[in-house]
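It should be emphasised that the depicted structure is a prediction, and the values quoted were computed from it without experimental measurement. Numbering starts at 1 and runs along the sequence shown.
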Amino acid sequence: MGIYLNPGNESFQESIESEIYVDKTELIAYTNRVLKTRQKFVCVSRPRRFGKSMAAEMLAAYYGRSADSRKQFENLKIGKDASFMEHLNQYNVIFLNMQDFFSRTHDVAKMKMLLEKYLLRDLLRAYPDVDYLDETDLIGVLQDIYAECRIHFIFIIDEWDCIFRENKDGFEAHKMYLDFLRNLLKDRPYVALAYMTGILPIKKYGTHSALNMFDEFSMTNPKQLAEFVGFTESEVKELCNRYGMDFEETRRWYDGYRFENVEHVYSPRSVVSAMLSRCFDNYWNQTETFEALRDYIVMNYEGLKDTVIELLAGKSKKINTSKFTNDMTTFKSADDILTLLIHLGYLGYDYTAQEVFIPNSEIASEFYNAVEDTGWDNVVQALQQSDQLLKNTWNKNAEEVAKGIEEAHFETSILKYNDENSLACVISLAYYSARVYYTEIRELPTGKGYADVVYLPRKNHMDKPAMIIELKWDQSAEGAIAQIRDKKYVKALEEYKGNILLVGVNYDKESKRHQCVIEEASYI
């Protein structure tokens, strides 16, 4: 056993023995399938707090030859897989955390030298009797060991992208690093599997990548590894049952990462923190401050500010992720910034619709904090006034509600304002604080049409009235109320037994004013 060669299974044992451990060992079934095939190069990119390092430690514990890990795994999900015993503890594992090396040198050339120095020491100690041509040549030493012993190597590289995140402008250093990894791994017969984890996908140079042999599983498209991105809904429900936590609140706070062919995916670190503390809170900001988000959303790219405001209002936005160069400095458009925010976990992404959105309340609060510090005073004012607007609505003060919506429109006038859809966006932003108490539903099917915006009280706030808001453009607020009644929108909420407010809002193009009418619903 060495420091980096076959480091053992103690780190993974800590995960298993933790109060909360969610079994993700079925990932091993996938890596077993691609061992020693053309698909053996796997790059998994995830945000911070999404369990990348634990997965890397799990793979090292399963494959490494220095430990007997059967008891660790046999009662976990992978223990039921047909490939379990075939590959258990059968390989030389080289486990490298690039952050450790780079933070000690802050220079790619020195980092490479330090890494080779330590790794060569482990290899030469483990295989002292091999006839080496050059004991200072890492690739040569690996080839000599494999040629004589016929034991494959598995490379697990954690935080592989730290160079691009911390040395953002070092173009030549980046190329040196990528060339090092390519020379170490590509077309080498000693490689059975290379598994890399990081936040960013593999860096692109022009139309090519130095590591083009890797299959990438990212936050824009995790493909068949989607269920391992975070906690699935069924896993979160089990934790809520165990800890007596409200599932709907957990969903509101930490859900929102959507991928094809998989359940909703939740932020793992935040869910664990909420369960252990028995408290819903923003745990994101305990490992990263909102300034990181602020610095990106204030960049002066056309349409970026508009999009951020629309996202805050609960809308989704179609973007092109394909031009992103997978670093933190080369931006050519607002879409590049938004794509980076997907990889950092600040935005969710619907691959089918190619749309971004703010995934949950935890991240929404990060956006709120970031916007407060951007100098967008008009937007901040609209958000801060939403509390009073909500109280005026509860009190059926229609005149003040109309004024509040007027002010929200004025404050966010950067948004295009030319139809009921844009009016709905302003309404959602104006009622921003309602998300604490309500689930917002856009275009609720009612049997005779669609209610524009419905606010349904959450389980813990059933003392608040439900609100059905109908929007009109250049018509009348009274007509909006009449439509709610005539089309019996209230029947869509017949399972809800509390009070219901009907809110009609109209925008008059000529006067550029809003009108509002508020009535209590009749159940007859």
Pairing residues for [X] by the ring-ring contact (aromatic ring centres under 6.0 Å, His included) criterion, not counting sequence neighbours:
X      : answer
Phe180 : none
Tyr431 : Tyr455
Tyr30  : Phe217
Phe324 : His343

With distance as the sole criterion, is a donor-acceptor pair present between the side chains of [X] and [Y] under 3.5 Å?
X      : Y      : value
Gln99  : Asp158 : no
Gln388 : Asn392 : yes
Thr339 : Thr321 : no
Asn300 : Lys305 : no
Arg258 : Thr352 : no
Glu216 : Ser45  : no
Arg458 : Thr439 : yes

Within a 6.0 Å radius of atom [atom1] on [X], are there more than 12 heavy atoms belonging to other residues, nucleotides or ligands?
X      : atom1 : answer
Tyr243 : OH    : yes
Lys391 : NZ    : no
Arg278 : CZ    : yes
Met299 : CE    : yes
Lys318 : NZ    : yes
Tyr301 : OH    : yes

Taking the inter-plane angle between the rings of [X] and [Y] on a 0 to 90° scale, is it parallel (under 30°), tilted (30 to 60°) or perpendicular (over 60°)?
X      : Y      : answer
Tyr21  : Phe12  : perpendicular
Phe101 : Tyr4   : tilted
Trp253 : Phe280 : parallel
Phe247 : Tyr266 : tilted

Checking Leu35 against Tyr63 for the side chain to side chain contact (heavy atoms under 4.5 Å, CB included) test, could you report, in this order, the C-alpha distance in whole Å, the side-chain angles of both residues, the deciding distance, and whether it holds? CA-CA 11 Å; Leu35 279 168; Tyr63 288 116; 3.8 Å; yes
Stepwise ring-ring contact (aromatic ring centres under 6.0 Å, His included) check, Trp394 with Tyr437: CA-CA 12 Å; Trp394 290 338; Tyr437 311 100; 5.6 Å; yes
Side chain to side chain donor-acceptor pair (under 3.5 Å), paired with Tyr62, selected from Thr31, Asn32, Thr25: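 Result: among Thr31, Asn32, Thr25, Asn32 is the only option passing the side chain to side chain donor-acceptor pair (under 3.5 Å) with Tyr62.
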For the residue pair [X] and [Y], what are the closest heavy atoms and their distance?
X      : Y      : result
Ile202 : Cys43  : CG1-SG, 3.9 Å
Arg252 : Arg435 : NH1-O, 3.4 Å
Ala364 : Tyr432 : O-OH, 3.4 Å
Ile469 : Asp452 : O-CB, 3.4 Å
Leu344 : Ile199 : CD2-CG2, 3.7 Å
Ser15  : Met54  : OG-CG, 3.3 Å

Check against side chain to side chain contact (heavy atoms under 4.5 Å, CB included), Phe367 and Tyr346: CA-CA 8 Å; Phe367 270 89; Tyr346 286 111; 4.2 Å; yes
Nearest 0.5 angstrom please: [X] [atom1] to [Y] [atom2], how far?
X      : Y      : atom1 : atom2 : result
Leu185 : Leu193 : CG    : CG    : 10.0 Å
Asn320 : Ser333 : CG    : OG    : 7.5 Å
Leu181 : Phe41  : CG    : CZ    : 11.0 Å
Phe259 : Tyr349 : CZ    : OH    : 11.5 Å
Leu340 : Met328 : CG    : CE    : 5.0 Å

Donor-acceptor under 3.5 Å (Ser270 side chain, Ser267 main chain): no
Is the backbone of Pro201 close enough, under 3.5 Å, to the side chain of Asp161 for a donor and an acceptor to pair up by distance?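 Side chain of Asp161 to backbone of Pro201, a donor-acceptor pair under 3.5 Å: no, none is there.
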Does the side chain to side chain contact (heavy atoms under 4.5 Å, CB included) test come out yes or no for Tyr507 and Lys512, once each step is laid out? CA-CA 7 Å; Tyr507 176 73; Lys512 294 183 170 35; 3.5 Å; yes
Where at least one partner belongs to residues 326-353, residue pairs that pass salt bridge (Lys or Arg N to Asp or Glu O under 4.0 Å), sequence neighbours excluded: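 As it turns out, the salt bridge (Lys or Arg N to Asp or Glu O under 4.0 Å) pairs with a partner in residues 326-353, which skip direct neighbours, are Lys203-Asp327.
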Suppose the criterion is salt bridge (Lys or Arg N to Asp or Glu O under 4.0 Å): which pairs have a residue in residues 102-115, not counting sequence neighbours?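 The answer is Asp100-Arg104, Lys112-Glu116.
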State which residues pass side chain to side chain donor-acceptor pair (under 3.5 Å) with Tyr257; sequence neighbours excluded, sorted by chain then number. none
Under the side-chain contact (heavy atoms from CB on, under 4.5 Å) test, which residues partner [X], sequence neighbours left out?
X      : answer
Val272 : Ile20, Phe231, Leu276
Thr232 : Lys24, Glu227, Ser234, Glu235, Glu263
Met176 : Val108, Ala109
Arg513 : Glu406, Ser511, Gln515

Check against side chain to side chain contact (heavy atoms under 4.5 Å, CB included), Arg165 and Glu159: CA-CA 10 Å; Arg165 292 186 277 110; Glu159 300 282 0; 2.5 Å; yes
Closer than 4.0 angstrom, basic N to acidic O: yes or no for Glu249 and Arg251? no
Partners passing salt bridge (Lys or Arg N to Asp or Glu O under 4.0 Å) against Asp23 (at least two apart in sequence or in another chain):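 Not a single residue meets the salt bridge (Lys or Arg N to Asp or Glu O under 4.0 Å) criterion with Asp23.
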Validation row: Asn282, Glu366 side chains within 4.5 angstrom (heavy atoms): yes
Tyr438 ring center near His461 ring center (under 6.0 Å): no
